[in-house]
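So the structure is just underneath, and the comments pick up after that.
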Protein chains: 2
Amino acid sequence: TLIFGVFLSQMGWGDLGAFGEPSKETPNLDQMAAEGMLFLDFYTANPLCSPSRAALLTGRLPVRNGFYTTNGHARNAYTPQDIVGGIPDSELLLPELLKKAGYTNKIIGKWHLGHRPQFHPLRHGFDEWFGSPNCHFGPYNNRERPNIPIYRDWEMVGRYYEDFKIDLKTGESNLTQLYLQEALDFISKQQASQQPFFLYWAIDATHAPVYASKQFLGTSQRGLYGDAVREIDDSVGKILKHLQQLGISENTFVFFTSDNGAALISAPRQGGSNGPFLCGKQTTFEGGMREPAIAWWPGHIPAGGVSHQLGSVMDLFSTSLSLAGLQPPSDRQIDGIDLLPVILQGKLIDRPIFYYRGNELMAVRAGLYKAHYWTWSNSWEEHGKGIDFCPGQSVAGVTTHTQEEHTYLPLLFHLGRDPGEKYPL
Amino acid sequence: TLIFGVFLSQMGWGDLGAFGEPSKETPNLDQMAAEGMLFLDFYTANPLCSPSRAALLTGRLPVRNGFYTTNGHARNAYTPQDIVGGIPDSELLLPELLKKAGYTNKIIGKWHLGHRPQFHPLRHGFDEWFGSPNCHFGPYNNRERPNIPIYRDWEMVGRYYEDFKIDLKTGESNLTQLYLQEALDFISKQQASQQPFFLYWAIDATHAPVYASKQFLGTSQRGLYGDAVREIDDSVGKILKHLQQLGISENTFVFFTSDNGAALISAPRQGGSNGPFLCGKQTTFEGGMREPAIAWWPGHIPAGGVSHQLGSVMDLFSTSLSLAGLQPPSDRQIDGIDLLPVILQGKLIDRPIFYYRGNELMAVRAGLYKAHYWTWSNSWEEHGKGIDFCPGQSVAGVTTHTQEEHTYLPLLFHLGRDPGEKYPL
């Protein structure tokens with residue numbers, strides 16, 4: 001059994017046609033959902049990129065794997081190039097474990113778990129890497145703060161904007177095509193050598209600044225952001241087709257999801273949509289943490305399946321180990337669960353979802369109920385500067401601009417009747 | 001060619017699984033969409049029940065067919081039992097015209113175009129009726145304001161709550177089952193006699209007060225409203241299956257849509273969801289007028305089709321006439337267009353969408369652009385009483401509580417990039 005992950009950068013629930021995006025421009029992802037299983041209650045472990053990715057690869061909450069801050073209440077932690085931290089050596093990453101079962105592991109795209117040499121993905125279980133340690137922010141073009149580098153394995157092969165062009169004016173960049181080709185080549189090589197593999201396809205589109213290849217520019221009703229979504233959709237379709245053409249689709253478990261909700265501060269030009277959900281990235285409302293999620297495994301997962309299992313990106317850690325016939329490490333707490341009984345036998349496993357922001361447990365979901373112990377969108381100070389995590393949305397006492405504690409009387413929502421968290425019980 | 005309409009009471013865009021409702025509890029409607037054509041840019045002619053239904057049956061805007069008010073600026077008009085007005089005799093209704101082509105016409109459910117004898121549906125082209133002149137508001141149970149009657153053809157056969165039970169405590173009522181059986185029986189009868197028919201299935205679920213039959217109570221994650229949606233979904237599935245079993249599905253054009261957006265003032269217990277759109281019923285924002293819409297006609301409409309044609313409920317008038325080989329009346333302005341070239345040949349017809357509220361043209365959509373000439377949600381006075389047409393939503397200068405004129409500088413939105421009308425250009 002082979003494993004293969006698709007992990008997108010802040011694509012929102014409402015960005016897929018299958019989830020009600022009104023332009024309906026994702027035929028390949030919709031097809032993937034129709035052939036596989038849709039998870040309707042699937043969550044990230046943190047509404048920000050670095051901790052979410054750390055949680056996926058360790059199967060552990062950010063408060064356990066180190067991706068949290070204590071220096072600012074409810075502040076999320078991430079690792080831009082001016083932060084010296086990264087994934088601790090003491091953490092066991094999924095690729096490190098998969099190696100024991102003979103897997104070749106490749107990361108394509110954004111690592112985000114530290115850019116210093118000791119945090120290099122090839123030191124943490126990956127055999128190959130094509131991509132960047134951080135987001136393609138920039139351009140900086142100066143000595144103190146250079147543009148983000150791109151690596152091929154150990155070697156830096158260039159920098160965004162300089163050697164890997166992104167035209168901020170037109171939005172043109174062929175990066176997604178490079179990452180697609182890299183994926184297709186890796187899959188071909190592994191298939192030829194009959195080696196099991198783990199591909200972590202963590203491309204950095206649709207993160208702002210948004211880009212798309214020339215052939216996708218102007219093709220979406222949604223503007224440049226939609227062009228980027230279309231290109232990703234097309235790429236996923238090509239990868240799935242490639243697996244089918246190589247005859248290994250029935251041996252390949254593919255999971256599609258995103259690292260956090262759409263970044264509404266960048267919407268609509270540079271950010272996506274969380275559909276009916278409240279707020280977006282950075283928040284512990286549904287819009288920040290509920291993710292589109294699709295499992296695809298022809299011949300194993302019944303087509304058109306739908307699951308209401310409360311799932312988490314951390315489950316991909318445990319599920320992948322299970323697929324590889326491995327046990328999760330027993331010397332530490334693992335927060336992910338094995339979803340195979342859910343996916344293959346339609347079971348529902350009782351488990352809560354924890355919504356963290358930094359080191360603060362903001363909310364918990366159990367069944368259809370969600371209790372907020374703290375509410376906060378963003379500060380009045382930021383809000384005054386035009387930064388809004390919940391543009392166009394305002395629920396009195398819920399989308400607060402001060403950090404409000406509800407520990408003694410949690411703010412309760414029924415997510416079945418009220419998925420948009422508009423009517424506290 | 002036979003015709004058959006499904007017209008629901010204030011079901012919202014966001015209430016269908018295919019449109020991203022997070023509980024995904026509408027497998028039959030989703031299947032109907034997968035087998036037919038989804039209209040993603042389909043509108044009602046007014047965000048209120050009576051004028052919307054008048055527009056559907058006349059192919060004309062409410063300002064032409066009389067369903068508007070002049071006594072209150074931007075106030076919608078509808079016909080509860082204490083209003084003496086109704087559809088003028090001078091209007092030509094779809095069933096009146098279809099008669100000329102030998103159609104038998106039946107209305108099942110809510111008429112809403114006047115309850116006085118001169119407005120009776122059998123005086124306006126329908127041959128059969130089982131249903132009520134108005135919504136099942138109530139119970140009133142008094143002489144001055146009795147409960148709403150139910151008619152079989154000319155005869156009143158009972159009243160809601162009295163003879164047709166709705167248990168407001170448990171939410172139980174078998175009305176949708178009665179209306180379903182009535183539809184199945186009518187279809188069987190017409191098939192047996194080889195007569196073409198027009199069935200206008202205008203059941204009054206999911207209008208508040210919401211109800212569902214016993215076997216559907218408690219089956220939805222969404223509570224009673226969701227139970228009602230599930231029952232409708234199940235009913236539509238049974239009707240389509242019945243057409244298939246009788247071997248007439250390839251001769252029957254079925255269209256599913258709703259009369260206005262979800263009534264957010266009743267949400268979440270008694271009202272639905274407009275997904276990513278702004279506000280709801282009574283407003284001229286997308287949430288008030290953009291409707292889920294599905295055309296189904298096996299063997300004619302290619303499965304899985306998606307259309308971005310700007311469509312309107314008034315088009316069902318013109319399209320139905322076209323299907324019946326009839327010409328629309330030439331002595332009056334018809335606002336609907338024939339959608340057959342869109343449905344059968346994938347064409348896109350250039351036409352605007354007008355958003356009226358009462359007799360005021362509030363907004364116009366052309367292509368992906370929408371211009372608001374007036375903005376208004378509801379008054380401060382109502383708002384102070386807890387009535388909110390846009391709960392949890394607030395866009396500065398857009399969801400205004402006073403009537404704001406923008407005639408000289410319309411408020412412009414790009415509905416492709418910003419379907420939620422959150423970012424004025």
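Residue numbers start from 1 in every chain, and the chains themselves are labelled A, B, ... in the order their sequence lines are given, proteins ahead of strands.
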Which portion of A/Pro419 sits near chain B, non-hydrogen atoms under 4.5 angstrom: side chain
For B/Leu16, is it the side chain, the backbone, both, or neither that has a heavy atom closer than 4.5 Å to a heavy atom of chain A? neither
How about A/Phe285 and A/His372: are their ring centres within less than 6.0 Å of each other? yes
Residues which pass ring pair (Phe, Tyr, Trp, His ring centres under 6.0 Å) with A/Phe42, listed by chain and number, not counting sequence neighbours: A/Phe39, A/Phe255
Tell me, for B/Ala396 versus chain A, whether the close heavy atoms (under 4.5 Å) come from the side chain, the backbone, both or neither. neither
Can you tell me if B/Arg269 has over 12 outside heavy atoms packed within less than 6.0 Å of its CZ? no
Between B/Thr400 and B/Thr375, do the side chains contain a donor N or O and an acceptor N or O under 3.5 Å apart? yes
Measure up the B/Tyr43 and B/Tyr355 rings against each other and bin them: parallel (under 30°), tilted (30 to 60°), perpendicular (over 60°). perpendicular
I need the residue from B/Glu286, B/Gln221, B/Lys24 with the largest number of non-hydrogen atom pairs under 4.5 Å to chain A. B/Gln221
Per-residue contact mode, A/Tyr423 against chain B (heavy atom under 4.5 angstrom): side chain
Looking only at B/Cys390, B/Pro22, B/Ala18, most heavy-atom pairs under 4.5 Å shared with chain A are made by B/Pro22
Identify which part of A/Ala267 has an atom lying under 4.5 Å from any heavy atom of chain B, answering side chain, backbone, both or neither. both
What option among A/Leu368, A/Asp30, A/Thr399 has the most heavy-atom pairs under 4.5 Å with chain B? A/Leu368
Between B/Ser394, B/Gly304, B/Gly392, the one whose heavy-atom pairs under 4.5 Å with chain A are most numerous: B/Gly392
Sequence neighbours left out, what passes side chain to side chain contact (heavy atoms under 4.5 Å, CB included) with B/Gln215? Give chain and number order. B/Gln177, B/Ser213
Using non-hydrogen atoms and a 4.5 Å limit, figure out which bit of A/Leu415 sits close to chain B: side chain, backbone, both or neither. neither
Is it true that a side-chain atom of B/Glu231 and a backbone atom of B/Leu217 form a donor plus acceptor pair closer than 3.5 Å? no
Look at A/Glu25 together with A/Arg222 and state whether they make a salt bridge at an N to O cut-off of under 4.0 Å. no
Partner chain A: residue of B/Asp418, B/Leu224, B/Val395, B/Leu40 with the largest heavy-atom pair count (under 4.5 Å): B/Leu40
Given the options B/Glu21, B/Arg290, B/Lys422, which has more heavy-atom pairs under 4.5 Å with chain A than any of the others? B/Lys422
